[in-house]
Q: 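Input: one structure, supplied below.
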Amino acid sequence: MQLLTNRPRGTTDVLPGEVEKLHYIEGVMRRLAHQFGYAEIRTPVFEHTELFSRAVGEATDIVQKEMYTFNDRGDRSITLRAEGTAPVVRAFLEDGLYAQPQPTKVYYICPIFRYERPQAGRLRQHTQFGVEVFGVAGAEADVEVIMLAMELFSRLGLTEWKPGAKVDAKANAAAAEADLVVHINSMGCPTCRATYREKLVAYLEPHADELCETCRERLHRNPMRVLDCKNPDCHPVTSKAPGMLDHLCDDCRAHFQRVRELLARFGVPFVVDTRIVRGLDYYTKTVFEIQSPHLGSQNTVCGGGRYDGLVQMMGGDPVPGVGFGLGIERLVLHLEALGKAVPGAAPVDVFLATMGPAAVDAALPILYQLRHAGYAAETDYLGRSLKSQMKYAGRLGARFVAIIGDDELAKGVVTLKDMASGQQSEVRLDAAELGRALAPRE
RNA sequence: GUGAAAGUAGCUCAGCUGGUUAGAGCGUCGGACUGUGGCUCCGAAGGCCGCGGGUUCGAACCCCGUCUUUCACCCCA
């Protein structure tokens, strides 16, 4: 088939049969968010470009090469939502959420757009479930969002983990091979990070010629990114470099300590991973990624952290924040890798099989009355044989088929067939009577 | 943005070292069973062999370009 055009690169069509999985997953997310005290927020799919370029950081990969940016007809620079947190922070300030009872706890399920090379688990449009907490400086909030993510994975059957189970460091290392693990790190605050940054640059500069090309570029622009370079040539230098964790100020050190204590107390499997740096500039203190061993190269299902300076940077009073984003498409890959079944299409309650025009006339009013009464009812519009209609009803997963032919019309009944048992009975040709016969009897 | 592999019916794939009208299974539709689904059998529809150019008497097959997909890198969800 020669089509006029196909879908743009890195996008997907979610077809009937597949979409039900998303409904199920999103339903779990919404219930969970509600139980944790998070309310939904919806922000526009597009924003002014400077929202992302300023909040995420001019030097980041997202801003430099991954944004869908265009000028609209009013010559404004517009960018499709490249990231979840910045728009929520904008709304928090613009819509005065800070004037409501604090803290503000919100969640969202929305599409994210990034111009990247597609790969398994990486699309140009993907969907994120994200949560944000504003107004809590303490580590309890960092831990709450991590607990929320872990609880979600647990409810979806992606991990054996249950809150409260005892986990020690050795068990964590073993779990990292087979199960979801939270990788955490601390980025410090602007004060201690600046001090650390100087020390790091001072250490790296004499070794610049031992580093790879990208690292030499990053040395001054974003030296912390040099540390997580995967190029083995850089490892001799980076492995001896001073670490951020050794240079945290008292406040940041205590915060990170508290996060680890609470995670341990609640039985969350975690490892301190100094390579978790995150590609967004706004993070402070805690950053984390939850990685799955079942996803191949794109193995981060959930990533987030604390952003205590972002609200002020965007023009508000200083309000601390913490949150995460979680990729739903990767979640689905993970479910499939584990062979986890999720509910499919909802079944049809009754299929009205008609034989001849008189039967169609009799069936249509009943069809709409049954639907009005809340039943999923379907019929044939193609004038097909009874056999074909039976076959079709079987495909739809109909619980019952109501057969209406000349015999039934003469008697004012339908032949009602229970598709699971094959048993048939006669029911009066009347929507209310039929409805009673259809009522689930379990 | 870098490197590698692959694109043949709706889906999964055959198709010999280039040689007439490109095949199978599954799925779809119909029939066997003119009033009864799942099993079985029979039949039909469905392909510019991703697209464009080149080589050749002749291209699904060889060459170049392009688009898309997959894998890895970068980075992320």
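First the proteins, then the strands, lettered A, B, ... as listed; each starts at 1.
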Q: Could you tell me which nucleotide pairs with B:G30 by Watson-Crick or G-U wobble geometry, both distances under 3.5 Å, or answer none if nothing does?
A: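 When the pairing criteria are applied, B:C42 turns out to be the nucleotide that pairs with B:G30.
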Q: Return the nucleotide paired to B:G1: Watson-Crick means purine N1 to pyrimidine N3 with N6-O4 or O6-N4, wobble means G-U with N1-O2 and O6-N3, both under 3.5 Å.
A: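 Pairing partner, where one exists within any strand: B:C73.
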Q: What's A:A120 touching, base or sugar-phosphate or nothing? Going by heavy atoms closer than 4.0 Å.
A: sugar-phosphate
Q: Indicate, with a heavy-atom threshold strictly under 4.0 Å, whether A:E289 touches base, sugar-phosphate, or nothing.
A: nothing
Q: Using the ring of A:Y68 (Phe, Tyr or Trp, six-membered ring only), decide whether A:R124 places NZ or CZ under 6.0 Å from its centre and within 45 degrees of its axis.
A: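 Cation-pi check for A:R124 and A:Y68: fails.
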Q: Run the side-chain hydrogen bond (donor to acceptor under 3.5 Å, both in side chains) test on A:T286 and A:D142 for me, step by step, so that the C-alpha distance in whole Å, both residues' side-chain angles and the decisive distance to 0.1 Å come before the verdict.
A: CA-CA 7 Å; A:T286 314; A:D142 311 39; 2.6 Å; yes
Q: Could you check whether A:E40 pairs with A:R30 (Lys NZ or Arg NE/NH1/NH2 to Asp/Glu carboxylate O, under 4.0 Å)?
A: yes
Q: Can you see if the side chain of A:Q298 gets near the phosphate of B:C75 - specifically, an N or O under 4.0 Å from OP1 or OP2?
A: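 So the side chain of A:Q298 is outside the cut-off, no N or O lying under 4.0 Å from OP1 or OP2 of B:C75.
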Q: Considering every strand shown, what is the Watson-Crick or G-U wobble mate of B:C48 when both distances are under 3.5 Å?
A: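 Check on B:C48: unpaired, no WC or wobble geometry under 3.5 Å.
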Q: In whole Å, I'd like the distance from the CZ atom of A:R7 to the P atom of B:C67.
A: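 Nearest whole value for this atom pair: 17 Å.
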Q: Can you tell me if the side-chain N/O atoms of A:S297 get under 4.0 Å from OP1 or OP2 in B:C73?
A: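 Yes.
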Q: Nearest to the side chain of A:R117, which nucleotide is it out of B:A77, B:G3, B:U36?
A: B:G3
Q: B:A77 phosphate, OP1 or OP2: any side-chain N/O from A:R122 under 4.0 angstrom?
A: no
Q: Look at all strands and tell whether A:G10 reaches a base, only sugar-phosphate, or nothing, counting heavy atoms closer than 4.0 Å.
A: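 Since only primed, P, OP1 and OP2 atoms lie under 4.0 Å of A:G10, the category is sugar-phosphate.
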Q: Look at the side chain of A:Q119 and decide which nucleotide, out of B:C29, B:C71, B:A77, has an atom nearest to it.
A: B:C71
Q: Out of B:G35, B:C29, B:A77, which nucleotide sits closest to the side chain of A:M355?
A: B:G35
Q: Counting only Watson-Crick or G-U wobble pairs whose two distances fall under 3.5 Å, which nucleotide matches B:A14?
A: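 Its partner is none (no Watson-Crick or G-U wobble pair with both distances under 3.5 Å).
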Q: Is B:G7 paired to anything, Watson-Crick or G-U wobble with both distances less than 3.5 Å, and if yes, which nucleotide?
A: B:C67
Q: Does any pair with a residue in residues 323-339 of chain A pass salt bridge (Lys or Arg N to Asp or Glu O under 4.0 Å), and if so which ones, sequence neighbours excluded?
A: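 Qualifying pairs, neighbours excluded: A:K21-A:E336.
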Q: Heavy atoms under 4.0 Å, any strand shown: does A:G422 hit a base, just sugar-phosphate, or nothing?
A: base
Q: So, is A:S388 close to the B:G30 phosphate, meaning a side-chain N or O under 4.0 Å from OP1 or OP2?
A: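 Checking B:G30 against A:S388, a side-chain N or O does come within under 4.0 Å of OP1 or OP2.
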Q: Using a cut-off of strictly less than 4.0 Å, decide whether A:K387 has a side-chain nitrogen or oxygen near OP1 or OP2 of B:G37.
A: yes
Q: I'd like a table of donor-acceptor pairs (distance under 3.5 Å, sequence neighbours excluded) in which one partner is a side-chain atom from residues 8-19 of chain A, with atom names and distances.
A:
from: A:T11; atom 1: OG1; to: A:P8; atom 2: O; distance (Å): 2.6
from: A:D13; atom 1: OD2; to: A:R7; atom 2: NE; distance (Å): 3.1

Q: Does any nucleotide pair with B:A59 by Watson-Crick or G-U wobble geometry, both distances under 3.5 Å, and what is it?
A: none
